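Order of appearance sets the numbers: ligands from 1, and atoms from 1 within every ligand. Fair warning: this is a prediction, and the values are worked out from it, not measured in the lab. Values below: all heavy atoms of this structure, side chains included; hydrogens, waters and symmetry mates excluded.
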Amino acid sequence: MRLAIPRGVIYHRVLDDLSCLARAVFARLDDESTITAFESTFAAYVGRKHGLAFPSARTAILSALRAKELPAGAEIIMPPITIKPILDVVLACGLVPVFVDLDPETICFDLEKLKQALTPNTKAILITYLFGIVPDMDALMSISRAHGLFVLEDFSQCLNGTFAERKTGSFGDVGIYSSTFIKQLDTYGGGQLVCDDSALFDRLKGFKLVMAPPSRRIVIRKILFDLLMNIATTRWVFGFVVFPLLRLISLLRPERVIRHVDVQPTELLAELPKAWFHRYSSLQAELGLRLLPTVAAGDDARVKHVERIKALLRASQVRFPRGVAGARNVYWQLVTHVHDARRAQRFLHARGIDTSTTSLTHVAALPDSPYRADTPWAKSIHANALVIPAYPGLRDSDVSRIAAALNRSDTDSLL
Ligand SMILES: *Cc1c(COP(=O)(O)O)cnc(C)c1O
(Lines give C-alpha, C1' and ligand atoms only; values in the text may rest on other atoms or scores of the structure.)
Protein backbone atom coordinates (compact mmCIF):
# COMPACT_ATOMS: atom_id res chain seq x y z
CA MET A 1 0.00 0.00 0.00
CA ARG A 2 1.45 3.33 -1.05
CA LEU A 3 0.71 6.18 1.30
CA ALA A 4 0.15 9.66 -0.06
CA ILE A 5 3.06 12.11 -0.02
CA PRO A 6 2.40 15.40 1.85
CA ARG A 7 3.09 18.78 0.24
CA GLY A 8 5.49 19.82 3.00
CA VAL A 9 6.83 19.10 6.47
CA ILE A 10 7.70 20.65 9.81
CA TYR A 11 11.46 20.47 10.39
CA HIS A 12 11.07 18.95 13.90
CA ARG A 13 10.27 15.58 15.34
CA VAL A 14 6.81 15.37 16.92
CA LEU A 15 8.60 14.48 20.17
CA ASP A 16 10.53 17.77 20.04
CA ASP A 17 7.27 19.69 19.80
CA LEU A 18 5.79 17.74 22.70
CA SER A 19 8.77 18.33 24.95
CA CYS A 20 8.91 22.04 24.05
CA LEU A 21 5.22 22.29 24.79
CA ALA A 22 5.69 20.78 28.24
CA ARG A 23 8.65 23.07 28.94
CA ALA A 24 6.84 26.17 27.67
CA VAL A 25 4.33 25.92 30.49
CA PHE A 26 6.94 26.53 33.23
CA ALA A 27 10.33 27.33 31.73
CA ARG A 28 11.91 30.74 32.08
CA LEU A 29 11.44 32.67 28.83
CA ASP A 30 13.77 35.61 29.33
CA ASP A 31 17.18 34.13 30.03
CA GLU A 32 19.37 36.70 28.24
CA SER A 33 22.53 34.58 28.17
CA THR A 34 20.79 31.83 26.12
CA ILE A 35 19.36 34.41 23.74
CA THR A 36 22.75 36.09 23.27
CA ALA A 37 24.41 32.70 22.72
CA PHE A 38 21.93 31.89 19.95
CA GLU A 39 22.25 35.35 18.39
CA SER A 40 26.01 35.15 18.08
CA THR A 41 25.98 31.49 16.99
CA PHE A 42 23.49 32.26 14.24
CA ALA A 43 25.46 35.32 13.09
CA ALA A 44 28.69 33.29 12.89
CA TYR A 45 26.86 30.53 11.03
CA VAL A 46 25.89 32.99 8.29
CA GLY A 47 29.33 34.64 8.34
CA ARG A 48 28.40 37.88 10.09
CA LYS A 49 29.71 39.79 13.10
CA HIS A 50 26.47 40.54 14.92
CA GLY A 51 23.13 38.83 15.41
CA LEU A 52 19.87 39.90 17.05
CA ALA A 53 16.78 37.76 17.57
CA PHE A 54 13.57 39.68 16.88
CA PRO A 55 10.06 38.30 17.38
CA SER A 56 9.61 37.87 13.60
CA ALA A 57 11.16 38.75 10.25
CA ARG A 58 8.66 41.59 9.79
CA THR A 59 9.67 43.25 13.10
CA ALA A 60 13.37 42.77 12.23
CA ILE A 61 12.83 44.51 8.87
CA LEU A 62 10.84 47.27 10.56
CA SER A 63 13.64 47.83 13.09
CA ALA A 64 16.33 47.87 10.40
CA LEU A 65 14.42 50.46 8.36
CA ARG A 66 13.81 52.60 11.46
CA ALA A 67 17.43 52.32 12.60
CA LYS A 68 18.60 53.50 9.17
CA GLU A 69 16.32 56.59 9.46
CA LEU A 70 15.43 56.75 5.80
CA PRO A 71 13.54 59.97 4.97
CA ALA A 72 9.76 59.70 4.65
CA GLY A 73 8.77 59.21 1.02
CA ALA A 74 12.04 57.45 0.13
CA GLU A 75 11.57 54.56 -2.29
CA ILE A 76 12.40 50.97 -1.44
CA ILE A 77 12.67 48.28 -4.12
CA MET A 78 10.50 45.34 -3.06
CA PRO A 79 9.71 41.86 -4.35
CA PRO A 80 6.19 41.73 -5.83
CA ILE A 81 5.58 38.47 -3.93
CA THR A 82 6.23 38.17 -0.20
CA ILE A 83 4.32 38.04 3.08
CA LYS A 84 1.91 40.96 3.29
CA PRO A 85 3.12 42.14 6.76
CA ILE A 86 6.40 43.22 5.13
CA LEU A 87 4.45 45.69 3.02
CA ASP A 88 2.63 46.81 6.20
CA VAL A 89 5.94 47.61 7.93
CA VAL A 90 7.37 49.39 4.88
CA LEU A 91 4.27 51.61 4.81
CA ALA A 92 4.43 52.12 8.60
CA CYS A 93 7.92 53.58 8.06
CA GLY A 94 6.51 56.11 5.57
CA LEU A 95 8.42 54.55 2.66
CA VAL A 96 7.19 54.12 -0.90
CA PRO A 97 7.35 50.50 -2.12
CA VAL A 98 8.49 50.07 -5.72
CA PHE A 99 7.80 46.57 -7.02
CA VAL A 100 10.19 45.15 -9.61
CA ASP A 101 9.01 42.11 -11.54
CA LEU A 102 10.74 38.75 -11.17
CA ASP A 103 13.01 36.92 -13.57
CA PRO A 104 11.31 33.49 -13.88
CA GLU A 105 14.70 31.72 -14.07
CA THR A 106 15.85 33.00 -10.64
CA ILE A 107 12.52 34.13 -9.11
CA CYS A 108 14.35 37.28 -8.02
CA PHE A 109 14.41 40.79 -9.51
CA ASP A 110 14.72 41.04 -13.29
CA LEU A 111 17.98 43.01 -13.45
CA GLU A 112 17.01 45.14 -16.46
CA LYS A 113 13.71 46.11 -14.85
CA LEU A 114 15.53 46.81 -11.61
CA LYS A 115 17.84 49.31 -13.32
CA GLN A 116 14.87 51.02 -14.93
CA ALA A 117 13.09 51.32 -11.59
CA LEU A 118 15.88 53.25 -9.85
CA THR A 119 15.31 56.99 -9.29
CA PRO A 120 17.26 59.60 -7.29
CA ASN A 121 14.73 58.89 -4.53
CA THR A 122 15.47 55.12 -4.33
CA LYS A 123 17.21 54.55 -0.98
CA ALA A 124 16.84 50.86 -0.15
CA ILE A 125 16.33 47.42 -1.65
CA LEU A 126 14.85 44.28 -0.10
CA ILE A 127 16.40 41.29 -1.86
CA THR A 128 14.28 38.20 -1.26
CA TYR A 129 15.45 34.70 -2.17
CA LEU A 130 12.19 33.03 -3.05
CA PHE A 131 11.93 29.24 -2.81
CA GLY A 132 15.62 28.90 -1.92
CA ILE A 133 17.04 30.03 -5.27
CA VAL A 134 20.08 32.32 -5.37
CA PRO A 135 20.30 34.98 -8.11
CA ASP A 136 23.45 36.58 -9.56
CA MET A 137 24.58 38.40 -6.41
CA ASP A 138 27.55 40.05 -8.12
CA ALA A 139 25.22 41.81 -10.52
CA LEU A 140 22.57 42.58 -7.89
CA MET A 141 25.05 43.98 -5.37
CA SER A 142 26.94 46.04 -7.89
CA ILE A 143 23.72 47.71 -9.08
CA SER A 144 22.70 48.34 -5.44
CA ARG A 145 26.09 49.68 -4.35
CA ALA A 146 26.50 51.89 -7.42
CA HIS A 147 23.23 53.54 -6.42
CA GLY A 148 24.18 53.78 -2.72
CA LEU A 149 21.20 51.70 -1.58
CA PHE A 150 20.67 50.33 1.92
CA VAL A 151 20.57 46.59 1.17
CA LEU A 152 18.34 44.24 3.18
CA GLU A 153 18.32 40.54 2.37
CA ASP A 154 15.28 38.49 3.34
CA PHE A 155 16.78 34.98 3.30
CA SER A 156 13.83 33.37 5.12
CA GLN A 157 13.53 30.85 2.29
CA CYS A 158 17.25 30.41 1.71
CA LEU A 159 19.32 29.66 4.78
CA ASN A 160 22.68 28.21 3.58
CA GLY A 161 22.32 29.28 -0.04
CA THR A 162 25.61 30.54 -1.47
CA PHE A 163 26.89 32.64 -4.34
CA ALA A 164 30.62 32.39 -5.07
CA GLU A 165 30.98 30.42 -1.81
CA ARG A 166 29.45 33.24 0.23
CA LYS A 167 26.24 32.66 2.18
CA THR A 168 22.96 34.39 1.50
CA GLY A 169 22.33 36.85 4.32
CA SER A 170 25.94 38.06 4.27
CA PHE A 171 25.91 40.29 1.17
CA GLY A 172 23.83 43.29 2.21
CA ASP A 173 23.86 45.74 5.11
CA VAL A 174 21.51 43.48 7.05
CA GLY A 175 20.27 39.93 6.53
CA ILE A 176 16.97 38.74 7.99
CA TYR A 177 15.90 35.15 8.44
CA SER A 178 12.44 34.10 9.61
CA SER A 179 12.61 31.05 11.84
CA THR A 180 8.88 30.54 11.66
CA PHE A 181 7.03 27.27 11.07
CA ILE A 182 7.76 25.26 7.89
CA LYS A 183 11.11 27.02 7.50
CA GLN A 184 14.47 25.15 7.45
CA LEU A 185 15.25 26.37 10.98
CA ASP A 186 11.94 26.57 12.83
CA THR A 187 12.00 27.97 16.37
CA TYR A 188 8.24 28.65 16.66
CA GLY A 189 8.68 32.08 15.10
CA GLY A 190 11.51 34.57 15.26
CA GLY A 191 13.30 36.99 12.97
CA GLN A 192 17.07 36.56 13.06
CA LEU A 193 18.81 39.77 12.01
CA VAL A 194 22.51 39.68 11.13
CA CYS A 195 24.85 42.54 10.22
CA ASP A 196 28.49 43.68 10.43
CA ASP A 197 28.05 47.38 11.23
CA SER A 198 28.54 47.84 14.99
CA ALA A 199 26.85 51.25 15.17
CA LEU A 200 23.78 49.92 13.38
CA PHE A 201 23.82 46.88 15.65
CA ASP A 202 23.81 49.06 18.79
CA ARG A 203 20.83 51.06 17.55
CA LEU A 204 18.98 47.87 16.65
CA LYS A 205 19.64 46.41 20.08
CA GLY A 206 17.88 49.44 21.53
CA PHE A 207 14.80 48.75 19.40
CA LYS A 208 14.78 45.14 20.52
CA LEU A 209 15.06 45.89 24.21
CA VAL A 210 12.09 48.27 24.35
CA MET A 211 9.72 45.54 23.16
CA ALA A 212 7.38 43.78 25.60
CA PRO A 213 8.63 40.66 27.42
CA PRO A 214 8.15 37.28 25.74
CA SER A 215 4.54 36.10 25.88
CA ARG A 216 4.03 32.58 27.21
CA ARG A 217 0.60 32.43 25.61
CA ILE A 218 1.95 33.30 22.16
CA VAL A 219 4.83 30.81 22.43
CA ILE A 220 2.50 28.02 23.53
CA ARG A 221 0.08 28.80 20.71
CA LYS A 222 2.89 28.59 18.15
CA ILE A 223 4.17 25.30 19.54
CA LEU A 224 0.65 23.85 19.42
CA PHE A 225 0.26 24.94 15.80
CA ASP A 226 3.56 23.29 14.83
CA LEU A 227 2.61 20.16 16.72
CA LEU A 228 -0.72 19.86 14.91
CA MET A 229 0.86 20.48 11.49
CA ASN A 230 3.59 18.01 12.36
CA ILE A 231 1.11 15.29 13.29
CA ALA A 232 -1.02 16.04 10.24
CA THR A 233 1.97 15.49 7.93
CA THR A 234 3.22 12.23 9.44
CA ARG A 235 2.84 9.44 6.88
CA TRP A 236 -0.02 7.49 8.43
CA VAL A 237 -2.12 10.39 9.62
CA PHE A 238 -1.62 12.17 6.32
CA GLY A 239 -2.30 9.08 4.23
CA PHE A 240 -5.43 7.94 6.01
CA VAL A 241 -7.00 11.17 7.27
CA VAL A 242 -5.59 14.40 5.89
CA PHE A 243 -5.08 13.46 2.25
CA PRO A 244 -8.60 12.04 1.70
CA LEU A 245 -9.96 15.23 3.29
CA LEU A 246 -7.81 17.42 1.05
CA ARG A 247 -9.02 15.57 -2.03
CA LEU A 248 -12.62 15.94 -0.98
CA ILE A 249 -12.22 19.66 -0.33
CA SER A 250 -10.38 20.10 -3.63
CA LEU A 251 -13.52 18.87 -5.42
CA LEU A 252 -15.85 21.20 -3.51
CA ARG A 253 -13.71 24.27 -2.78
CA PRO A 254 -10.49 24.03 -4.84
CA GLU A 255 -9.38 27.54 -3.80
CA ARG A 256 -9.16 26.31 -0.17
CA VAL A 257 -6.48 23.71 -0.84
CA ILE A 258 -4.38 25.24 -3.60
CA ARG A 259 -2.31 27.48 -1.28
CA HIS A 260 0.53 25.86 0.65
CA VAL A 261 -0.71 26.76 4.13
CA ASP A 262 -3.79 28.91 3.85
CA VAL A 263 -5.31 31.90 2.13
CA GLN A 264 -3.80 35.01 3.72
CA PRO A 265 -5.65 38.28 4.38
CA THR A 266 -4.99 41.07 1.87
CA GLU A 267 -6.11 44.20 3.77
CA LEU A 268 -3.39 46.67 4.68
CA LEU A 269 -3.12 47.40 8.40
CA ALA A 270 -3.88 50.89 9.70
CA GLU A 271 -1.79 50.10 12.76
CA LEU A 272 0.75 47.36 13.51
CA PRO A 273 -0.68 44.90 16.09
CA LYS A 274 0.78 44.98 19.63
CA ALA A 275 0.99 41.18 19.57
CA TRP A 276 3.87 41.45 17.05
CA PHE A 277 6.11 43.15 19.59
CA HIS A 278 6.81 40.52 22.26
CA ARG A 279 10.51 39.70 22.47
CA TYR A 280 11.95 36.41 21.26
CA SER A 281 12.13 33.97 24.18
CA SER A 282 15.05 31.98 25.54
CA LEU A 283 13.03 28.78 25.07
CA GLN A 284 13.04 29.49 21.33
CA ALA A 285 16.74 30.43 21.41
CA GLU A 286 17.55 27.16 23.18
CA LEU A 287 15.75 25.21 20.44
CA GLY A 288 17.59 27.27 17.82
CA LEU A 289 20.94 26.36 19.35
CA ARG A 290 19.97 22.70 19.31
CA LEU A 291 18.58 22.64 15.74
CA LEU A 292 21.05 24.88 13.92
CA PRO A 293 23.72 22.15 13.59
CA THR A 294 21.13 19.85 11.94
CA VAL A 295 20.07 22.25 9.18
CA ALA A 296 22.89 21.46 6.73
CA ALA A 297 22.12 17.73 6.67
CA GLY A 298 18.49 18.54 5.84
CA ASP A 299 19.63 20.83 3.03
CA ASP A 300 21.90 18.14 1.60
CA ALA A 301 19.05 15.63 1.61
CA ARG A 302 16.71 18.10 -0.08
CA VAL A 303 19.22 19.08 -2.76
CA LYS A 304 19.91 15.39 -3.42
CA HIS A 305 16.17 14.75 -3.92
CA VAL A 306 15.92 17.71 -6.27
CA GLU A 307 18.86 16.49 -8.33
CA ARG A 308 17.40 13.03 -8.51
CA ILE A 309 13.99 14.35 -9.63
CA LYS A 310 15.69 16.44 -12.31
CA ALA A 311 17.81 13.50 -13.46
CA LEU A 312 14.78 11.20 -13.72
CA LEU A 313 12.73 13.63 -15.79
CA ARG A 314 12.68 12.60 -19.39
CA ALA A 315 12.94 15.44 -21.86
CA SER A 316 9.59 16.25 -20.37
CA GLN A 317 7.48 19.34 -20.40
CA VAL A 318 8.19 19.93 -16.72
CA ARG A 319 11.07 22.30 -16.05
CA PHE A 320 12.44 24.10 -13.02
CA PRO A 321 13.90 27.63 -12.77
CA ARG A 322 17.43 27.45 -14.16
CA GLY A 323 19.16 29.59 -11.52
CA VAL A 324 22.61 31.03 -12.23
CA ALA A 325 26.20 29.75 -12.41
CA GLY A 326 28.18 30.17 -9.19
CA ALA A 327 25.11 29.73 -6.97
CA ARG A 328 24.18 26.92 -4.62
CA ASN A 329 20.41 26.80 -4.34
CA VAL A 330 18.89 25.12 -1.29
CA TYR A 331 15.44 24.59 -2.89
CA TRP A 332 13.53 25.25 0.31
CA GLN A 333 10.55 24.60 -1.95
CA LEU A 334 11.08 23.04 -5.37
CA VAL A 335 8.76 24.85 -7.76
CA THR A 336 7.78 24.29 -11.36
CA HIS A 337 5.87 27.01 -13.12
CA VAL A 338 2.89 25.41 -14.86
CA HIS A 339 0.00 26.72 -16.95
CA ASP A 340 -2.72 25.64 -14.58
CA ALA A 341 -1.79 24.81 -10.98
CA ARG A 342 -5.22 23.47 -9.99
CA ARG A 343 -5.26 21.08 -12.88
CA ALA A 344 -1.73 19.94 -12.08
CA GLN A 345 -2.70 19.54 -8.42
CA ARG A 346 -5.63 17.30 -9.41
CA PHE A 347 -3.39 15.25 -11.72
CA LEU A 348 -0.81 14.69 -8.97
CA HIS A 349 -3.49 14.11 -6.30
CA ALA A 350 -4.80 11.23 -8.40
CA ARG A 351 -1.30 9.73 -8.10
CA GLY A 352 -1.09 10.16 -4.33
CA ILE A 353 1.13 13.24 -4.42
CA ASP A 354 0.04 16.41 -2.65
CA THR A 355 1.23 19.75 -4.00
CA SER A 356 0.27 23.40 -3.62
CA THR A 357 1.10 26.89 -4.74
CA THR A 358 2.90 29.42 -2.53
CA SER A 359 1.01 30.96 0.39
CA LEU A 360 2.88 34.25 -0.08
CA THR A 361 0.87 37.23 -1.30
CA HIS A 362 1.14 39.08 -4.61
CA VAL A 363 1.72 42.33 -2.72
CA ALA A 364 2.18 44.38 -5.91
CA ALA A 365 -1.48 43.84 -6.73
CA LEU A 366 -3.43 44.27 -3.50
CA PRO A 367 -6.89 45.63 -4.22
CA ASP A 368 -6.81 48.41 -1.58
CA SER A 369 -3.15 49.36 -1.84
CA PRO A 370 -2.21 52.78 -3.24
CA TYR A 371 1.05 51.22 -4.48
CA ARG A 372 0.43 48.78 -7.28
CA ALA A 373 2.58 47.71 -10.19
CA ASP A 374 2.03 45.55 -13.22
CA THR A 375 4.29 42.56 -12.53
CA PRO A 376 3.12 39.81 -14.92
CA TRP A 377 5.75 37.19 -14.07
CA ALA A 378 5.11 37.61 -10.35
CA LYS A 379 1.39 37.33 -10.95
CA SER A 380 1.83 34.14 -12.90
CA ILE A 381 4.31 32.62 -10.44
CA HIS A 382 1.98 33.48 -7.56
CA ALA A 383 -0.90 31.73 -9.31
CA ASN A 384 0.89 28.79 -10.92
CA ALA A 385 4.27 28.00 -9.35
CA LEU A 386 3.62 24.49 -8.10
CA VAL A 387 5.51 23.25 -5.02
CA ILE A 388 6.79 19.71 -5.69
CA PRO A 389 7.65 17.67 -2.54
CA ALA A 390 11.44 17.34 -2.21
CA TYR A 391 11.96 17.73 1.55
CA PRO A 392 14.46 15.69 3.58
CA GLY A 393 12.10 13.04 5.00
CA LEU A 394 11.18 11.62 1.57
CA ARG A 395 12.24 8.09 0.74
CA ASP A 396 13.96 7.18 -2.52
CA SER A 397 10.79 5.39 -3.61
CA ASP A 398 8.80 8.60 -3.04
CA VAL A 399 11.24 10.56 -5.16
CA SER A 400 10.97 8.02 -8.01
CA ARG A 401 7.21 8.15 -7.75
CA ILE A 402 7.18 11.94 -7.96
CA ALA A 403 9.46 11.93 -11.01
CA ALA A 404 7.37 9.23 -12.69
CA ALA A 405 4.19 11.23 -12.14
CA LEU A 406 5.80 14.38 -13.52
CA ASN A 407 6.93 12.42 -16.57
CA ARG A 408 3.37 11.35 -17.26
CA SER A 409 1.96 14.77 -16.62
CA ASP A 410 0.37 16.56 -19.52
CA THR A 411 0.64 19.97 -17.88
CA ASP A 412 3.67 21.51 -19.45
CA SER A 413 5.70 24.18 -17.67
CA LEU A 414 5.48 27.76 -18.70
CA LEU A 415 9.24 28.12 -18.86
C1 LIG B 1 8.21 32.87 5.94
C2 LIG B 1 8.64 34.18 5.38
C3 LIG B 1 8.63 35.32 6.19
C4 LIG B 1 8.03 35.23 7.56
O5 LIG B 1 8.12 36.43 8.23
P6 LIG B 1 7.62 36.54 9.75
O7 LIG B 1 7.46 38.00 9.95
O8 LIG B 1 8.69 35.95 10.60
O9 LIG B 1 6.34 35.79 9.83
C10 LIG B 1 9.14 36.48 5.66
N11 LIG B 1 9.60 36.55 4.39
C12 LIG B 1 9.57 35.47 3.58
C13 LIG B 1 10.08 35.58 2.19
C14 LIG B 1 9.08 34.27 4.05
O15 LIG B 1 9.04 33.20 3.26
Side-chain angles (χ1 to χ4, degrees), residues 8-11 42 52-65 76-93 97 99 102 106-109 125-135 152-161 168-169 172 174-194 207-208 211 214 218-219 221-222 225-226 229 259-262 264-265 269 272-281 284 288 329-335 356-364 378 381-382 385 387:
V9 282
I10 298 292
Y11 284 76
F42 186 84
L52 278 174
F54 282 90
S56 55
R58 67 196 72 169
T59 51
I61 292 172
L62 175 73
S63 305
L65 293 173
I76 176 171
I77 304 283
M78 297 254 311
I81 302 175
T82 189
I83 61 162
K84 201 237 352 153
I86 292 182
L87 179 57
D88 288 315
V89 305
V90 161
L91 297 179
C93 290
F99 302 103
L102 305 174
T106 59
I107 321 203
C108 195
F109 300 126
I125 182 169
L126 178 63
I127 298 170
T128 304
Y129 307 94
L130 294 169
F131 307 114
I133 299 177
V134 183
L152 303 99
E153 298 170 77
D154 179 350
F155 64 112
S156 301
Q157 303 197 349
C158 199
L159 179 58
N160 284 338
T168 48
V174 295
I176 288 125
Y177 178 76
S178 173
S179 46
T180 191
F181 80 105
I182 77 175
K183 297 291 157 68
Q184 291 157 271
L185 174 69
D186 169 356
T187 65
Y188 310 117
Q192 314 309 331
L193 183 148
V194 292
F207 286 117
K208 189 189 103 159
M211 290 187 190
I218 293 176
V219 173
R221 210 171 52 207
K222 291 194 170 165
F225 187 71
D226 258 41
M229 296 278 274
R259 295 277 163 214
H260 193 73
V261 180
D262 202 355
Q264 305 293 330
L269 300 174
L272 303 180
K274 284 209 173 57
W276 286 8
F277 297 92
H278 286 276
R279 288 200 301 272
Y280 190 70
S281 70
Q284 294 167 288
N329 305 316
V330 297
Y331 302 107
W332 172 65
Q333 286 180 330
L334 174 65
V335 289
S356 65
T357 56
T358 179
S359 26
L360 297 177
T361 302
H362 186 200
V363 288
I381 289 165
H382 178 254
V387 177

List the residues meeting side-chain contact (heavy atoms from CB on, under 4.5 Å) with Ser156, not counting sequence neighbours, and say none if there are none.
Ala57, Asp154, Ser178, Lys183
Minimum heavy-atom distance between Leu91 and Pro97, given as atom pair plus value
CD2-CD, 3.8 Å
Return yes if some donor-acceptor pair links the side-chain N/O of Arg259 with the main-chain N/O of Thr358 below 3.5 Å, else return no.
yes
For Ser156, take its heavy atoms, then give the atoms of ligand 1 lying under 4.0 Å from any of them.
2 (C), 3 (C), 10 (C), 11 (N), 12 (C), 14 (C)
Arg58 heavy atoms within 4.0 Å reach ligand 1 at atoms 6 (P), 7 (O), 9 (O)
Classify the ring geometry of Phe181 against Phe225: parallel below 30°, tilted from 30° to 60°, perpendicular beyond 60°.
perpendicular
Where is the nearest protein heavy atom to atom 3 (C) of ligand 1: which residue, which atom, and how far?
Lys183 NZ, 3.6 Å
Are any of the N/O atoms in Ala57 less than 3.5 Å from those in ligand 1?
yes
Looking at Glu153 and Gly172, would you say the former's side chain and the latter's main chain have a donor-acceptor pair under 3.5 Å?
yes
Minimum-distance protein heavy atom relative to atom 4 (C) of ligand 1
Ser178 OG, 3.2 Å
Is it the side chain, the backbone, both or neither of Thr128 that has a heavy atom closer than 4.0 Å to ligand 1?
side chain
Filtering Ile83, Leu126, Thr82, Asp154 for the heavy atom nearest atom 11 (N) of ligand 1 leaves Asp154
Is the backbone N or O of Leu185 less than 3.5 Å from a side-chain atom of Tyr177, with the two atoms forming a donor-acceptor pair by type?
yes
What residue and atom, counting heavy atoms only, is the protein's closest point to atom 15 (O) of ligand 1, and at what distance?
Gln157 NE2, 2.7 Å
